[in-house]
Novice: 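Here you go, one structure.
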Amino acid sequence: MKIRTRFAPSPTGYMHIGNLRTALYEYLIAKANGGDFILRIEDTDQKRYVEGATDIIYATLKTVGMNWDEGPDIGGNYGPYIQSERRNIYAEYAHKLVELGGAHYCFCAKNDTEEEKDETLNIKFKDPCKHIPLAEAKKRVAAGEPYVIRQTINKTGKSKYHDEVYGDIEIDYDELDEGVLLKSDGLPTYNFANVVDDHLMQITHVVRGNEYISSTPKYNLIYEDFGWEHPFYVHVPPVMKDAQHKLSKRNGDASFQDLVKKGYLPEAIINYIALLGWNPGTEQEIFSLDELKQCFAVERLNRSPAIFDITKLTWMNGCYIRALSEEKFHELALPYYEGMSPSVNLKVLSKTLQPRVETLQDITEQTDFIRSVLPFGVELYSNKKMKTDAEVAKSVLPKVLEALSSQEDWSNEALFASLKHLAEELGVKNGQVLYPLRIALSGKETTPGGATEIAVIIGKTETLKRLQDAIKKLS
RNA sequence: GGUCCCAUCGUCUAAUGGUUAGGACAUCACCCUUUCACGGUGGUAAUAUGGGUUCGAAUCCCGUUGGGAUCACCA
């Protein structure tokens with residue numbers, strides 16, 4: 001059997017992390033077994049449609065490398081892959097289901113059905129139209145009366161099905177409600193469209209959030225009524241923001257694009273969310289998408305919700321950044337250097353930055369002193385461990401200025417050698433020369449790189465200038 | 001409220017009846033060191049709770065508690 005999975009988002013806005021993780025699992029289940037991954041757009045609710053949302057879906061899947069084998073843009077043998085373009089198919093099957101006894105026409109006005117609902121939700125909606133003889137109902141439909149098609153559930157007892165993650169699920173047929181399958185606008189609800197499409201597109205594994213666990217028996221009933229075989233079910237637990245709340249776009253939780261904007265690498269995001277609810281059974285934690293394809297197995301999917309921990313993602317992102325080649329990191333960092341003086345040695349800057357940033361956005365904060373000298377007080381010269389303070393700085397810095405003025409080789413090694421030599425001459429510790437210099441050049445307590453690296457980065461001219469200014473301020 | 005699902009360090013998780021309950025992130029300490037990082041070493045930290053079953057339970061069963069989901073012409 002060739003495995004076929006589908007990612008079926010509704011185009012309602014940004015791609016959030018839970019969504020992306022579901023897509024990832026769907027992709028991996030297919031690809032771990034040489035199967036196909038299908039993209040289908042579920043846009044049956046025109047009210048919620050957001051312009052441009054499908055483009056975000058395409059762009060996201062592409063940047064993370066989850067390429068689909070069939071989809072709206074590339075076609076396939078089971079199209080169209082946009083539900084709004086399949087409305088005739090659903091209508092046809094819905095009417096067929098009525099003939100088969102699995103559904104019925106309902107003429108209740110929208111409001112009626114809502115009012116009939118008990119406040120405490122204890123009493124189920126009982127559709128009076130269920131008992132209208134089919135011949136009569138058809139007459140009213142033909143006469144142009146507005147209608148919907150509702151599922152008819154006459155079974156009693158327990159409904160059973162097997163879930164690949166949760167095991168055997170048993171739900172009483174009494175609990176199932178006779179939901180609307182075809183809306184008055186002629187479009188199907190999710191409840192109907194997903195069944196029809198999954199069958200017609202020959203989806204073998206339905207992967208979705210576990211909020212569908214309790215409605216799955218309804219879908220199985222439809223499969224049965226049509227005489228279709230139902231797919232394997234893989235219900236996955238939600239990704240949480242905290243113990244109580246799901247990650248959601250509504251309250252502004254980070255979406256994939258937000259994270260990328262914040263300087264997270266797509267590879268790191270994918271790696272992290274793969275491990276949110278799944279583990280490989282080994283202690284390996286860093287996985288490329290290709291490696292995930294190699295070892296992914298549904299058996300190792302978890303049943304309990306997982307809290308999205310940005311701290312661990314940040315750590316993992318740092319791992320990915322450090323693993324980048326010098327050139328690649330430099331390329332990614334370049335946009336953050338905008339506005340720096342041409343005399344700044346960007347290559348060296350990148351090299352010192354790479355092991356020090358966990359997200360690309362950290363670059364901004366770490367390099368603020370390069371664009372312009374930060375204002376600082378002389379107390380910054382004080383450091384117990386280095387045995388320095390403003391007095392030490394005052395006596396040492398003029399000598400440093402003198403030494404560096406005649407310095408020709410402006411490499412880190414040469415500068416360090418010179419200053420070390422100077423410290424020896426002055427009979428002080430290395431730190432008593434280097435620490436004040438670093439403060440004088442940066443105005444910051446901590447910097448990426450030491451005094452000599454910073455001198456190299458900002459260049460000789462700027463170094464001497466900042467040094468002079470600092471000495472002036474000390475006197 | 002009915003029904004369904006879930007429950008191991010703060011977080012992600014491993015251990016499918018026998019382990020000093022393992023790893024990772026975070027945190028703390030130390031080492032390295034021209035600050036800070038990186039890297040290295042070590043520490044603190046968990047089986048929600050009460051009953052069973054068993055020679056033996058994180059693991060199986062029941063109850064309790066806590067949390068989540070669902071009960072739309074949304075998906």
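Worth saying up front: this structure is predicted, and the values here are computed from it rather than measured. In what follows, every chain begins at residue 1, and chains take the letters A, B, ... in the order their sequences are listed. Only heavy atoms go into these numbers, but all of them, side chains included; no hydrogens, no water, no symmetry mates.
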Novice: Under a 3.5 Å cut-off for both distances, is B/U3 Watson-Crick or wobble paired, and to whom?
Specialist: B/A69
Novice: Between B/G22 and B/U44, how far apart are the P atoms? Round to whole Å, please.
Specialist: 11 Å
Novice: For A/Tyr190 and B/C74, do the ring centres fall under 5.5 Å apart while the planes stay under 30° apart?
Specialist: no
Novice: Do nucleotides 19-30 of chain B as a string where each nucleotide becomes B, S or -: B if the base has a protein heavy atom under 4.0 Å, S if just the sugar-phosphate does, - if no protein is that close.
Specialist: ---SSBSS----
Novice: Out of B/U70, B/A7, B/C38, which has the shortest distance to the side chain of A/Ser304?
Specialist: B/A7
Novice: Ignoring hydrogens and geometry, is there a side-chain-to-backbone donor-acceptor pair from A/Tyr90 to A/Asp197 under 3.5 Å?
Specialist: no
Novice: When the C1' atoms of B/A37 and B/U49 are compared, how many Å lie between them, rounded to an integer?
Specialist: 45 Å
Novice: Output the single nucleotide from B/C12, B/U3, B/A75 whose closest atom is nearest the side chain of A/Leu276.
Specialist: B/C12
Novice: Answer with base, sugar-phosphate or nothing: what part of the nucleic acid does A/Glu170 contact at a heavy-atom distance below 4.0 Å?
Specialist: sugar-phosphate
Novice: Are A/Tyr25 and A/Phe296, when compared by the centres of their aromatic rings, separated by less than 6.0 Å?
Specialist: yes
Novice: Looking only at the side chain of A/Glu42 (C-beta and beyond, no hydrogens), which of the listed nucleotides B/U34, B/C74, B/A75 gets closest?
Specialist: B/A75
Novice: Of the non-hydrogen atoms in A/Leu397 and A/Ala440, which two are nearest, and what is the gap between them?
Specialist: CD1-CB, 4.0 Å
Novice: For A/Arg208, report the nucleic acid contact type (base, sugar-phosphate, nothing); a contact means any heavy atom under 4.0 Å.
Specialist: nothing
Novice: Classify the nucleic acid contact of A/Asn430 as base, sugar-phosphate or nothing, counting any heavy atom under 4.0 Å across all strands shown.
Specialist: nothing
Novice: Ignoring hydrogens and angles, are the base of B/A75 and the side chain of A/Tyr212 linked by a donor-acceptor pair under 3.5 Å?
Specialist: yes
Novice: When both hydrogen-bonding distances must be under 3.5 Å and the geometry is Watson-Crick or G-U wobble, what is B/C30 paired with, if anything?
Specialist: B/G40
